[in-house]
Amino acid sequence: MGIETSCDETSVAIVQDGRRVLSNNTASSLRLHQKYGGVIPEIAFRAQLETISQVCRSALKDAAVRPQDLKLICVTCGPGLAGSLLVGVSFAKALSFSLGLPLLEVDHLHGHIYSGLLNRVPVKNPYVALVVSGGHTSLFFVRDYKRIDLLGSTLDDACGEAFDKVAKILGLGYPGGPLIEKLAQKGNPKRIKFSCSGTKSPLDFSFSGIKTAVLYYYSKLRAPSSELKSDIAASFQEAVINTLVHKSFLACRLKKTNCLVIGGGVVANSRLREKFQQQGERENIALYFPEKRFCTDNAAMVAGLGYRLLKTGRADG
Ligand code: KG4
Ligand code: ZN
């Protein structure tokens with residue numbers, strides 16, 4: 001069983017042999033945060049406290065698994081909101097104690113990497129992994145499940161956060177990623193030259209400059225047409241994706257690997273998938289994307305990775 005409560009989702013999943021997802025049930029408090037334009041931690045963890053037992057029961061029922069059939073409890077230990085993590089970890093500890101089962105803690109970002117490997121044949125180590133979510137943008141070198149080195153990360157805003165902020169500037173709503181993607185589909189990505197700021201280390205990221213560039217550009221307009229708004233969304237999205245593609249493939253070259261695994265909420269973006277796929281074909285690098293349902297926060301990735309860690313002999317208190 002995997003349990004994930006690092007942000008606004010409460011997710012419980014049952015996974016067999018670290019790979020086959022038998023159930024993955026997620027309740028989200030997103031609706032309660034929408035009017036604030038971002039997640040409010042106190043609202044998130046109160047909702048999680050109220051829903052976690054029910055989500056757990058449904059996950060067992062959907063997988064047709066009884067509590068006594070479980071072999072291991074895995075739980076996200078961070079990074080995330082303190083109150084939210086505490087709900088998941090307390091629940092997991094109580095369950096593991098009452099059922100007499102081992103308990104393993106899983107890093108949320110490592111979980112996102114693993115989401116690309118669910119329901120798939122295993123990938124050969126080592127490989128480069130990119131995690132692009134609402135809270136993080138990081139490149140990793142995965143030697144094996146236990147040894148995951150950080151190659152670079154964002155120096156300011158996370159990639160999904162930049163999508164959310166630009167959506168707010170354009171008056172689109174929250175969460176912004178899917179709304180920007182939809183608007184960008186009608187737009188011309190070449191109309192405005194936006195670009196992401198450079199970073200001293202080539203594998204780090206910076207998205208706050210491009211967000212500010214969109215803000216300045218947009219606030220100077222008198223009455224932007226819907227066509228121009230689409231072009232802004234498309235030009236912004238294209239610049240961000242180009243940077244992600246460029247740095248991820250650079251990491252593959254530097255680390256001499258021909259395998260790239262990508263995870264996180266932003267990977268739900270179809271244009272991103274398309275551009276990574278094209279570059280992968282050009283450079284002969286195999287790509288692993290999660291199924292769309294495993295891009296955003298979910299417990300299946302936690303259960304899957306926890307199982308692998310157990311196999312390497314890890315044990316937590
Ligand atoms: O991984 P996730 O569910 O939560 C974190 O761990 O942060 O990612 C949520 C982020 C949000 O910022 C959201 O705007 C972004 O993923 N996102 C997208 C798309 N769908 C979700 N960004 C771009 N295009 C999308 N289609
Ligand atoms: Zn996440």
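Numbering of ligands and ligand atoms starts at 1, following listing order.
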Can a salt bridge be assigned to the pair K165 and E161 using a cut-off of 4.0 Å between side-chain N and carboxylate O?
-> yes
For ligand 1, which atoms have a heavy atom of T296 less than 4.0 angstrom away?
-> 3 (O)
Side chain, backbone, both or neither: E9 near ligand 1, heavy atoms under 4.0 Å | neither
Kindly assign one of parallel, tilted or perpendicular to the pair F207 and F205, based on the angle between their ring planes and the thresholds 30° and 60°.
-> parallel
Does one side chain, of E4 or H108, offer a donor that lies under 3.5 Å from an acceptor on the other?
-> yes
Does the N or O separation between G264 and ligand 1 drop below 3.5 Å for any pair?
-> no
Do T137 side-chain atoms and S133 backbone N/O form a donor-acceptor pair below 3.5 Å?
-> no
Here the atoms of ligand 1 under 4.0 Å from any heavy atom belonging to G135 are 7 (O)
C7 backbone or side-chain N/O/S under 2.8 Å from the Zn ion (ligand 2) | no
Has ligand 1 got any nitrogen or oxygen that is less than 3.5 angstrom from a nitrogen or oxygen of E181?
-> yes
Applying a 4.0 Å heavy-atom criterion (strictly less than), which segment of H136 is in contact with ligand 1: side chain, backbone, both, or neither?
-> neither
Considering residues at least two apart in sequence or located in another chain, which fulfil the salt bridge (charged side-chain N to carboxylate O under 4.0 Å, His left out) criterion with R273?
-> none
Side chain, backbone, both or neither: N269 near ligand 1, heavy atoms under 4.0 Å = both
Say whether G265, considering both its backbone and side-chain N or O atoms, lies within less than 3.5 Å of an N or O atom on ligand 1.
-> yes
Check whether the side chains of Q237 and S235 place a donor and an acceptor atom closer than 3.5 Å, and report yes or no.
-> no
Would you say H108 has an N, O or S atom lying under 2.8 Å from the Zn ion (ligand 2)?
-> yes
Within-shell test, Q237 vs ligand 1, heavy atom, strictly < 4.0 Å | no
